[in-house]
Amino acid sequence: MGKIGHDFDPLSSRYLGRIEAHDSNEDRLNQLKVGDFVTAQISRFDPAVDTKPYFETYRVPYVKWMRVLDVLIYVSETLGIEYAHRWYCGVKKCGTCAVRVNGREMLSCWEPALPDMVIEPLRHLPLVRDLIVDREPYERRVMELKPLLVRTKPYLGLPEPITDREMRAASYAMDCINCMACFSACPVLDLGDQTDFSGPAPLVQLAQVALDRRDGMDRSVLIKNTASIFECVSCYRCEEVCPVEIPIVSRVIEPLKALAFATKPAENKHQSAFLDIVNSRGRIDPSALILKTQGLRAVLNPARAIRLWIKGKISPVQTFFGSAVPGIEYVRRLFSDVKGAL
Amino acid sequence: MMKFAYYPGCSAQSTCKELNASLRVVADKLGLELTEYASASCTGSREIRAVRPELFLALNARIIAMAERDNLPLMTVCNTCTLNFLDTKKRLDEDPEARDRVNEILKSEGLRYQGKCRITHFLWMLLDDIGPKKLKEMVVRSLKGMKLAAFYGCHIVRPPAHFHFFDSRNARSIEVINEILGCESIDYSGRTECCGFHTAADNEKVAIKLTGRHIKSAKDGGAQAIVTPCPLCHTVLDGFQKEMEREVKQKLNVPILHLPQLVGLALGLAPETLHLNRHMVPVKLPV
């Protein structure tokens with residue numbers, strides 16, 4: 001349990017940090033000192049021999065500034081254990097060394113070693129051996145999304161007349177190092193075959209061109225159907241683990257949703273219904289939203305609706321005859337006045 | 001008397017009316033004076049936020065500006081509303097041009113976004129404004145013996161741009177409150193996972209498949225109930241629990257409490273006052 005502090009800055013939006021600050025960089029860096037040992041449980045799997053992965057525990061002497069990668073290298077080079085892990089640059093550029101440490105995706109080259117570590121390969125990708133996964137599902141999805149710039153206007157030659165401001169929307173996604181940390185962290189991908197969601201990483205690749213103003217291709221079908229972007233649950237797990245801090249939800253997924261919506265608003269019933277209800281009443285009535293979004297599908301489960309009604313969870317009176325909030329004219333004015341990007 | 005502008009959000013005024021009602025009685029007990037704005041609109045949830053980002057900023061700035069006009073901190077009871085306010089505040093505070101344009105639109109209503117309003121959530125308010133010491137003194141009925149699982153929901157622990165967690169599983173605030181109220185906290189894998197609400201109105205399949213296992217993991221860990229600070233999480237955990245039982249092939253029957261209801265119980269309020277009978281999963285508590 002973290003310490004409970006009460007000395008806070010009254011203007012900071014996040015007081016909570018004072019209570020829960022024990023996962024700061026400083027705290028993680030100061031857990032070990034020279035002379036200590038790191039206990040690393042590393043996931044092992046050899047497809048020629050094993051039917052499923054298992055853990056093997058190694059004790060590694062801590063040296064100053066030891067990273068997770070240094071622990072892995074010590075096991076293979078110094079202890080001479082024949083096991084497979086992938087890394088190349090060691091400085092957060094190549095994106096090959098991502099693993100899960102104690103259930104959290106990270107670049108092994110960039111995070112400090114901890115006293116006790118469970119080191120596993122990334123999820124949602126087929127296991128090749130030990131900590132190495134096959135990136136094929138990711139690459140296949142990226143190809144499906146056709147992340148190539150399609151010009152509909154003639155190329156004007158170098159230097160291209162485009163400003164940094166105009167490139168901003170696409171620029172966030174361009175920081176991606178293809179490490180697959182977000183692909184592993186995404187809970188929707190836990191559903192496997194039961195979801196068509198492409199996952200965050202392929203969408204980042206798509207955003208690099210789709211949000212580029214030089215791109216002229218209609219990508220709404222790719223975004224909505226091929227990538228099933230509306231199955232994203234907005235949980236921000238991808239943003240949390242992204243080692244290069246791309247705001248994946250707010251600068252990749254949401255702008256792509258906006259693009260798909262703007263091209264064909266009528267086909268995005270849920271979003272249109274949401275806008276309609278807020279515009280007419282100011283607030284959302286969930287039953288009205290579900291009726292508008294799902295149509296007949298919503299009334300196909302009357303038993304559920306009746307259970308909800310009995311408990312007062314839904315109110316048909318409010319749904320069909322609900323009135324608008326006072327001052328609705330001001331809310332409606334926002335809808336009509338706000339046109340361009342702010 | 002502590003004063004707050006109170007924004008219940010759409011859920012607490014429709015599907016989770018019991019949250020709004022219980023918050024009101026708990027606020028009375030805690031000595032809070034709440035100002036609610038009847039003309040406040042929806043904050044745009046995830047939908048308006050994504051497809052009309054400019055309108056999203058204006059909707060949120062309008063509500064924040066109402067609190068600023070009265071010089072009050074703005075308290076919510078919904079995770080998604082909280083994040084929407086925080087995101088709007090961050091954007092408008094960092095981008096004076098966007099702020100000027102928003103203010104131009106808000107002018108007709110006599111409102112102005114200034115950026116001096118503190119955004120807080122009921123959960124944070126308990127620890128930051130009331131404080132653990134005072135809260136502990138107010139407990140008249142210790143919930144000793146009760147085993148509770150905290151379900152944080154996403155939008156008050158992520159994204160790291162606001163909450164600065166390296167690993168959001170390190171969130172502890174609800175467990176701190178559990179300890180103050182005397183009940184035992186259960187550790188389980190779903191604590192800071194997603195309930196899937198934001199895809200549920202369109203297609204509840206994802207929410208049901210994703211969330212059943214979290215309730216199961218809390219139950220297997222010995223939880224008698226789950227407590228959540230978010231009405232959206234509550235809607236999924238409570239409202240879809242029957243469907244989830246089919247998914248995890250196990251009887252779950254885990255009552256889901258709103259955080260103010262839990263606090264209210266410890267403050268000595270009667271279960272009926274806290275509307276514990278309005279849940280889909282019947283609430284039978286050991287204390």
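Chain naming here is simple, since letters A, B, ... match the order of the sequence lines and numbering starts at 1 in each.
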Visitor: Under 4.5 Å, counting heavy-atom pairs only, tell me which of A:C235, A:A258, A:P187, A:G103 racks up the most with chain B.
Guide: A:C235
Visitor: So for B:K90, is it side chain, backbone, both, or neither that comes closer than 4.5 Å to the heavy atoms of chain A?
Guide: neither
Visitor: Below 4.5 Å from any heavy atom of chain A, which atoms of B:R62 appear? Answer side chain, backbone, both or neither.
Guide: side chain
Visitor: Would you mind checking which part of B:D238 comes under 4.5 Å of any heavy atom in chain A, side chain (CB onward), backbone (N, CA, C, O), both or neither?
Guide: side chain
Visitor: Minimum heavy-atom separation for B:T43 and B:F56, please, with both atom names.
Guide: O-CD1, 3.4 Å
Visitor: Is it the backbone or the side chain of A:L191 that comes under 4.5 Å from a heavy atom of chain B, or both, or neither?
Guide: side chain
Visitor: Which region of B:E243, side chain (C-beta onward) or backbone (N, CA, C, O), has a non-hydrogen atom less than 4.5 Å from a non-hydrogen atom of chain A, or is it both or neither?
Guide: side chain
Visitor: Indicate yes or no for a side-chain donor-acceptor contact from A:E240 to the backbone of B:S168 under 3.5 Å, with no hydrogens or angles considered.
Guide: yes
Visitor: Considering only heavy atoms, which portion of B:L126 lies under 4.5 Å from any heavy atom of chain A: side chain, backbone, both, or neither?
Guide: neither
Visitor: Whether the side chain of B:R52 engages the backbone of A:F335 through a donor-acceptor N/O pair (distance < 3.5 Å, no angle test) should be reported.
Guide: yes
Visitor: Using a 4.5 angstrom heavy-atom cutoff, name the option from A:L259, A:V233, A:T293, A:T195 with the most pairs to chain B.
Guide: A:V233
Visitor: Report which part of B:A40 has an atom under 4.5 Å of a heavy atom belonging to chain A: side chain, backbone, both, or neither.
Guide: backbone
Visitor: B:T235 versus chain A, heavy atoms under 4.5 Å apart: side chain, backbone, both or neither?
Guide: neither
Visitor: Highest number of heavy-atom pairs under 4.5 Å with chain A: which of B:P159, B:S14, B:A207?
Guide: B:P159
Visitor: Would you name the heavy atoms of A:V325 and B:A38 that are closest together and state the gap between them?
Guide: CB-O, 3.6 Å
Visitor: Using modelled atom types and a 3.5 Å cut-off, is there a donor and acceptor pairing between side-chain atoms of B:T88 and backbone atoms of B:A61?
Guide: no
Visitor: I'd like to know if B:R101 pairs up with B:E54 as an ion pair, taking the criterion as any Lys NZ or Arg NE/NH1/NH2 lying under 4.0 Å from an Asp or Glu carboxylate oxygen.
Guide: no
Visitor: A:D190, A:D285, A:L289, A:L256: which one forms the most heavy-atom pairs within less than 4.5 Å of chain B?
Guide: A:D190
Visitor: Once you measure the plane-to-plane angle for A:F274 and A:H270, does it fall in the parallel (<30°), tilted (30-60°) or perpendicular (>60°) bin?
Guide: perpendicular
Visitor: Would you mind checking which part of A:V241 comes under 4.5 Å of any heavy atom in chain B, side chain (CB onward), backbone (N, CA, C, O), both or neither?
Guide: neither
Visitor: Among the options B:K17, B:H279, B:E104, B:H198, pick out the one with the most heavy-atom pairs lying under 4.5 Å from chain A.
Guide: B:H279
Visitor: Among A:P265, A:A273, A:C232, A:S234, which residue forms the greatest number of heavy-atom pairs with chain B at distances under 4.5 Å?
Guide: A:S234
Visitor: Evaluate side-chain hydrogen bond (donor to acceptor under 3.5 Å, both in side chains) for B:Y188 paired with B:E193, printing each intermediate quantity in order.
Guide: CA-CA 10 Å; B:Y188 71 109; B:E193 296 295 321; over 6 Å; no
Visitor: Checking B:L106 against chain A: side chain, backbone, both or neither under 4.5 Å from a heavy atom?
Guide: side chain
Visitor: What residue in A:Q194, A:K257, A:Q271, A:R281 has the most heavy-atom pairs under 4.5 Å with chain B?
Guide: A:Q194
Visitor: So what's closer than 4.5 Å to chain A heavy atoms on B:K133: side chain, backbone, both or neither?
Guide: neither
Visitor: Can we say B:D129 and B:R118 salt-bridge, meaning some charged N sits less than 4.0 Å from an Asp/Glu carboxylate O?
Guide: yes
Visitor: For B:H155, is it the side chain, the backbone, both or neither that has a heavy atom under 4.5 Å from a heavy atom of chain A?
Guide: side chain
Visitor: Any idea which of A:E245, A:E329, A:E231 has the most non-hydrogen atom pairs under 4.5 angstrom with chain B?
Guide: A:E231
Visitor: Which residue out of B:T199, B:T82, B:L59 racks up the most heavy-atom pairs below 4.5 Å with chain A?
Guide: B:T199
Visitor: Contact part of B:R99 toward chain A, heavy-atom cut-off under 4.5 Å: side chain, backbone, both or neither?
Guide: neither
Visitor: Would you mind telling me which of B:T80, B:L111, B:D167 has the largest number of heavy-atom pairs within less than 4.5 Å of chain A?
Guide: B:D167
Visitor: Working note: B:H234 + B:F151, criterion ring-ring contact (aromatic ring centres under 6.0 Å, His included); need CA distance, chi angles, decisive distance, verdict.
Guide: CA-CA 9 Å; B:H234 188 278; B:F151 192 94; over 10 Å; no
Visitor: Please check this pair: side chain of B:N60 against backbone of B:L86, looking for a donor-acceptor N/O pair closer than 3.5 Å.
Guide: no
Visitor: Whether A:E239 and B:R158 form a salt bridge (side-chain N of Lys/Arg under 4.0 Å from carboxylate O of Asp/Glu) is what I want to check.
Guide: no
Visitor: Please answer whether the main-chain N or O of B:T192 pairs with a side-chain N or O of B:R169 as donor and acceptor at a distance below 3.5 Å.
Guide: no
Visitor: Between B:K89 and B:D93, does any NZ, NE, NH1 or NH2 come within less than 4.0 Å of an OD or OE carboxylate oxygen?
Guide: yes
